[in-house]
Amino acid sequence: MAPWTKTNSQRYGVVKWNFVAKAEKQLSLAIGDTVHIQESCEGEGFWDIGAFPASFIELKEVIVEKRGACLFFHQSSKKERFSQVQRLMWDLMEWRSQLLSGTLPSDEFKELKQKVTSKIDYGNKILELDVVVRDTDGNILDPERASVISLFRAHEDATAKITERIKEEQSNVQLDHSGVSARIQSSPTHSLYVFVRNFVCRIGEDSELFMSLYDPNKQTNISENYLVRWGDKGLPKDIEMLNSLKVVFTVSHLQISLVCLGYLWKVIAENDFLHTLLNKVTTSRGLWVTMKALVGDIVQIRKEYPHLVDRSTVVARKLGFPEIIMPGDIRNDIYLTLHSGDFDKYNKTTQKNVEVIMLVCDEEGKVVPNSICLGAGDRPVNEYRSVIYYQIKQPRWMETFKVAIPLEEMPRIHLRFMFRHRSSQDKHLCLIIWWMTGKLISSFTHSQTDMDILHVFCVFLQGDSKRMEAVSSYLSLPSERTHSDSHKGSTLMRSSSSVCGLSVSSRDIFTISTLVCSTKLTQNVGLLGLLKWRTRPEMLKQNLQELKLIDGEEVVKFLQDTLDALFNIMMEHSQTDDYDILVFDALIYIIGLIADRKFQHFNTVLEAYIKQHFSATLAYKKLMSVLKTYLDVSSRGEACEPILRTLKALEYIFKFIVPFCLFLFQGDTFQHIQDIVSSLLRTINCTVITMGREHTLISRVVACMTAILSQMDDRHYSRYIETFSGTTDLVDFLMETFLLFKDLIGKHVYPSDWVTMIMVQNRVFLQAINTYAETMNHKFLDNNNFEVQLWNNYFHLAVAFITQESLQLQHFSPTKRSKILAKYGDMRRLIGFAIRDMWYKLGKNKICFIPGMVGPILEMTLIPEEELRRATIPIFFDMMQCEENHSGHFRKFENEIILKLDHEVEGGGGDERYMELLLECAQGRPQLLTEVQHFVTLVTGLLERLLDYRSVMSEDSRNNRMSCTVNLLVKNYTEAAYTLLLHSKLLKWSEEQCTLQLDYQTLQSQRQLKETLYNTIISYFDKGKMWEEAITLCKELADQCEMEVFDYELLGQKLNQQAKFYENIMKILRPKPDYFAVGYYGSGFPQFLRNKVFIHRGKEYERREDFQSQLMSQFTSAVRLNITTMPGDDIKNSNMQCIHVQCFTVQPVLEIPPRLRNKPVPDQIINFYKSNYVQRFQYSRPVRRGKVDPDNEFASMWIERTTFITAYKLPGILRWFEATSMTHTTVSPLENAIETMGQTNEKILTMINQYQCDDTLPINPLSMLLNGIVDPAVMGGFAKYEKAFFTDEYMNEHPDDRDKLTRLKDLIAWQIPLLGRGISLHGKRVTDDLRPFHERMEECFKQLKKKVEKEYGVRELVRMKVRKQKEKEGSGRKMSQQSAS
């Protein structure tokens, strides 16, 4: 095992596969964990606490925060999103622990559940996930149990809530939108729960405690009083109510105050206010209550908060109606408030102590029992008595109580007020007033359900107290003061008239206010006329027309009565259509009102009405008739003013039509659905076709169309097909339906995250398509009735359906894919099998769809679904057979599939498995075996290259691309020049016109374009220091200037440029690039890389470590192989998650051009070819064999050499080419010694030439080279070779190596004159401080020279280079022959 190495830089990753530790030092991982990699070792990573496979994580470029016990990191480009999701996750984890604790009450559990689901939905949105639709309890809505319309509505509601939440987040409004606060804001009805714990004050008498809600904005009470009777012992008078004093106040909003008021059975002194007294008696005491805001009406809160609200809990209703009046919520209450009075003291010296007594009496003067309610929670009483103010002239009571009278009793009931002076003698004050409740009804002037009216009454003096309560004495008298009387009151005398013993007191005034809450009483003439339409039928048309003029608030509060009236009108005129359009327009107007934001809470009322109260048996037929009329007019392009309002209300129109029929006519459901289909289906189809896709209502209309189709079964389709009068009409319907479906599938009218809605629509469309396909088989398949265009439309629709993005399961996460398969199945497979069956039924008509259907069928077969491919790929071979039978060839098919394949693969289709299946399916076609094999070979070859191209273009790395532009971006000028050179070779030196090019719009001829390209290429070669290539192009340009166009001026420029390049070759040092062999192993790599080796050309001065680091950054999940040999099959066949990269340095093999061979060529020229124009590369690895001499390693050092041959020479259009050939050879120790000596001599010669040409080079490199050879104490020199090979023992054991030994001796001998030339050059350049070093080196050289010349002979340096070259070539040939043998 290779050693562990520290990572060069900070590396972090996210775990993408679970890993279970199987050893002590391994680290278990779970998907989503984050890891900090500190060490690595051949496929494993190491963290602080253990090791794990590197392939199990995905490396990330991240920013690290909060180092320590917890590690958080994120991509810098998504920091804000990361922080946002992090906060969401913390909240969800905290709430989850609360839900699992099992300690929450049911109401809090439900509220927290709502918060969790809301937070999840919000998180899904910001993460661009799908919308999850839920019911009112937060549970995911099951599309199997919900209608299409309700599903659509749920998507709208969910999207609206999430959008609103996002807007508020963006405006930095940090509110709790998920729990109570959000529900309070969205709910139209709220409740305030109050639990009276205790009331303590310093009183010794019975008292009454009134509690109500007060609106500080309106400065008035807005609820009934809650009455608690408190005893003088400090406990409730009804001791059974102890710890049960609970009340729920129903309100429309919670920006209110709770007001408590206590009344004592004491007389209050003059100028002493009630609150002053309360302050006195409650000093150091108080009222203890518990309060909680609840959401919903009384029925809802009793269900959701049973531990707080039960049947015994008192309900204090709102003074007036709530925002929503639900159907069946009957109310008929009169709230009466004693406002104030002004009483004269007459002949007394002090003011009276006035007590007001009120009774409810009938027309005979009898008291109506239990008709007065002083407050919620108290029993009804027969009379009302006010609080008494001591000697106050103008008492102001402001006491409110309720008069509860049945609606039918109201016209004959009146209220009688009596005033008494309370004193120690308890004498009566002879004052009386009366008031008819019937007059209250007739006095309504406002068009409102609840009316708050102030009344000023006449006060009558009663001379005879015995007759005070006689009905006959006051019923004939006026009750209220007139407007003129109110202004004259201050000047009137005591009495102006007397009737039946009663006289009007002109100086006494009594004022009350009334508030009537009634769901049955209205005085709006238009609405009343509509509700009572039977009384004046001649006004019905006018009343229907004027409904739109009535205040919307009045209409929605009488919604049930209004809807009942409209449907009754329609039913009682079922034999005529006189009022159908008027009623329909009125219904549209009401639905439009409810759609208004002001009345949006009445949606629940309308929904409740449809489900529970709608009972017009034949209304749906009339509604469909009018709707069809409007849609027909609109689809013809004619003006139809109500059409926009109708489309907006279409959802509820269908709710009146479809669900009613399904629910009400269980025995005749089929017929009623059939009526709907016959009347509306095609009309709605036409409406969708004519509506633009940007229309705001298009999604609603499509939802309605889908709803109709979802209710149809095979019998409905069959019956509907039979309704068409002729073949032409049926064909038109099918064609327009296919085109409509194809358009809706190609461009969904719903947002892309409405996955549930889209999948339901697809399921409905699939049923319709398959049913219509059966119709085509029965009616339009035989040759006499065959409709080519109809079948063509079907095939294109089916392919569009199968290839739509929303059905491509391979793009989804595993969780989403499994849910879709479980709920809907793979609809692609179903429609694909249908396409296959329909194709084979065509018979001889197949030729009509070749080559037109080749492209669509190809697109379908490229979908990565195994069974679908196996079913549909054979269609290709059937097409080939069909065209072969018809035309004797299948060139049309072949050309079309080659043309389309390029487009489809570039778009993302196709993979290796497709090629395998194509080959498998071809085996079963013996009829055209040769042609099929040729075709399959052609297609698979093309597909393989297209897949390689797509893989390269989809990668982030630019290194794998050969575009000239890409090469320029990374400053690969040489590769860019070679790429443009390919283009230039396509042009001729002629005046022929060429097509306009993107970068050369003004050029006209091929000569001009080629010349411009050459100039560009030359400049790139110059920047890449490839002057040899630039000279070749300069010569070609010069030849054109001299021999063809005779442009001598340009010729001179090119010759000067060429001369400059020659000079650069000789004077400018060009660094040699290194070459690297790179192997890519494992099935996770694309086909063009998989299990192949490539030779890469490095950049100037690029180290292997730097190149390897950059290479690994392209394949972050790859494991680096630290071996240089070919890996085994286990690595080559490793899975997608485990890929390996191998990288090591190779040496280019010099190939001297023929024109330079056997000639004295300067080293500056030869050196260029050592690293350019190379196609052969070698990697040598030393190994030990045989007996190892510890004192002489050369004797047992063998070399294993691998030779790579690339597809093209380097450099080229790429910085890398595939190694198409790899051979392995073994080099003996003697052969290795010969190579080493030859390389050393070559190195000495090269350095001598460099120092002769450049006087500025530093002396140190030359000093180190020469001293290392001439001083045996430093490197041992060639003495190791002599000891290893120049012995009798070696000669006896290796008799065949005599020629090689001679060659080695010759190389040793030739090293002496080279060293002599180098030391001579060194002596001329050495500085004085290095002179002793040089003298020592000369002394060593003299001894070495004497020894070598004595044993191996003397060599002269004259023409050494030519001789050396010949010897090298001869030696190379001999060595090759010996190695091969």
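Treat the numbers as computed from the prediction; the structure is a model and nothing was measured.
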pair [X]-[Y]: side-chain heavy atoms closer than 4.5 Å:
| X | Y | result |
| --- | --- | --- |
| Tyr1251 | Pro1261 | yes |
| Glu1356 | Val1354 | yes |
| Leu981 | Leu1033 | yes |
| Trp989 | Glu1044 | no |
| Thr1223 | Phe1204 | no |
| Val1183 | Ile1199 | no |
| Phe1286 | Leu1304 | yes |
| Phe1333 | Thr1327 | no |

Legend entry - Pair Lys1054 + Glu1036: basic N to acidic O under 4.0 Å: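 No salt bridge links Lys1054 with Glu1036.
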Inset, instruction - Could you tell me whether Glu1335 and Arg1331 make a salt bridge, using a distance below 4.0 angstrom between a side-chain N and a carboxylate O? - result: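 No.
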How long is the gap from [atom1] on [X] to [atom2] on [Y], to the nearest 0.5 Å?
| X | Y | atom1 | atom2 | answer |
| --- | --- | --- | --- | --- |
| Tyr1081 | His1140 | OH | NE2 | 11.5 Å |
| Cys1034 | Asp1039 | SG | CG | 12.5 Å |
| Ile1234 | Phe1285 | CD1 | CZ | 8.5 Å |
| Gln1164 | Asn1064 | CD | CG | 12.5 Å |
| Asp1022 | Phe1061 | CG | CZ | 4.5 Å |
| Lys1010 | Leu986 | NZ | CG | 9.0 Å |

Counting only N and O atoms by type, is there a donor-acceptor contact under 3.5 Å from the side chain of [X] to the main-chain atoms of [Y]?
| X | Y | answer |
| --- | --- | --- |
| Glu1102 | Lys1099 | yes |
| Thr974 | Met1026 | no |
| Arg1157 | Ile1152 | yes |
| Asn1241 | Leu1307 | yes |
| Gln1006 | Lys988 | yes |
| Ser1228 | Glu1231 | yes |
| Arg1355 | Gln1311 | no |
| Glu1200 | Arg1181 | no |
| Ser1109 | Asp1106 | no |

For [X] against [Y], the heavy-atom pair lying closest together:
| X | Y | result |
| --- | --- | --- |
| Ala1077 | Val1146 | CB-CG1, 3.7 Å |
| Cys1143 | Val1078 | SG-CG2, 4.2 Å |
| Asn1232 | Val1227 | N-CG1, 3.6 Å |
| Met1112 | Ala1118 | CE-O, 3.5 Å |
| Tyr1075 | Ser1171 | OH-O, 2.6 Å |
| Ser1180 | Pro1182 | O-CD, 4.0 Å |

Inset, instruction - With side-chain contact (heavy atoms from CB on, under 4.5 Å) as the test, would you mind laying out the steps for Arg1007 and Val1045 before giving the verdict? - result: CA-CA 10 Å; Arg1007 177 185 297 279; Val1045 297; 3.8 Å; yes
Inset, instruction - Give me the one residue out of Phe1021, Tyr973, Tyr1173, Tyr1208 that meets ring-ring contact (aromatic ring centres under 6.0 Å, His included) with Tyr978. - result: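 That would be Phe1021; it is the only one of Phe1021, Tyr973, Tyr1173, Tyr1208 passing the ring-ring contact (aromatic ring centres under 6.0 Å, His included) with Tyr978.
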Legend entry - side chain to side chain donor-acceptor pair (under 3.5 Å) partner of Asn1172, chosen from Arg1097, Glu1029, Glu1151: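 Going through Arg1097, Glu1029, Glu1151 one by one, the side chain to side chain donor-acceptor pair (under 3.5 Å) with Asn1172 is satisfied by Arg1097 alone.
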Legend entry - Ring geometry between Phe1144 and Tyr1179 (parallel below 30°, tilted from 30 to 60°, perpendicular above 60°):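 Plane angle between 30° and 60°, so tilted.
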Inset, instruction - Using the six-membered ring wherever Trp is involved, compare the ring planes of His1096 and Trp1216 and label them parallel, tilted or perpendicular (cut-offs 30° and 60°). - result: parallel
Inset, instruction - List the steps, then state whether salt bridge (charged side-chain N to carboxylate O under 4.0 Å, His left out) holds for Lys1170 with Glu1242. - result: CA-CA 13 Å; Lys1170 290 180 179 179; Glu1242 183 72 19; 3.7 Å; yes
Inset, instruction - Please indicate whether Met1066 has more than 12 foreign heavy atoms, meaning atoms of other residues, nucleotides or ligands, lying under 6.0 Å from its CE. - result: yes
Legend entry - Within 6.0 angstrom of Glu1049 CD, more than 12 heavy atoms from elsewhere: no
Which atom pairs, donor and acceptor, lie under 3.5 Å between side-chain atoms of residues 1340-1353 and protein residues at least two apart or in another chain?
from, atom 1, to, atom 2, distance (Å)
Lys1347, NZ, Glu1282, OE1, 3.1
Lys1347, NZ, Glu1282, OE2, 3.1
Tyr1352, OH, Glu1282, OE2, 2.6

Legend entry - Glu975 and Ile1213: CA distance, side-chain angles, deciding distance, side-chain contact (heavy atoms from CB on, under 4.5 Å) verdict: CA-CA 5 Å; Glu975 288 73 19; Ile1213 60 175; 5.8 Å; no
Inset, instruction - Step by step, work out the side-chain contact (heavy atoms from CB on, under 4.5 Å) result for Arg1201 and Thr1226. - result: CA-CA 6 Å; Arg1201 177 167 293 158; Thr1226 302; over 6 Å; no
Inset, instruction - Just do the side-chain contact (heavy atoms from CB on, under 4.5 Å) check on Arg1104 and Phe1076 with the steps written out, would you? - result: CA-CA 8 Å; Arg1104 183 184 65 84; Phe1076 310 105; 3.7 Å; yes
Legend entry - Output field: ring centroids Tyr1080/Phe1085 closer than 6.0 Å: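 Centroid separation for Tyr1080 and Phe1085: below 6.0 Å.
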Show which side-chain atoms of residues 1312-1324 pair as donor or acceptor with protein atoms under 3.5 Å away, not counting sequence neighbours.
from, atom 1, to, atom 2, distance (Å)
His1322, ND1, His1334, ND1, 2.8
His1322, NE2, Ser1263, OG, 2.6

Inset, instruction - Scan residues 1057-1078 for pairs that pass salt bridge (Lys or Arg N to Asp or Glu O under 4.0 Å), counting only residues two or more places apart or in two chains. - result: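 Listed once each, the pairs are Glu1028-Arg1070, Glu1063-Lys1067.
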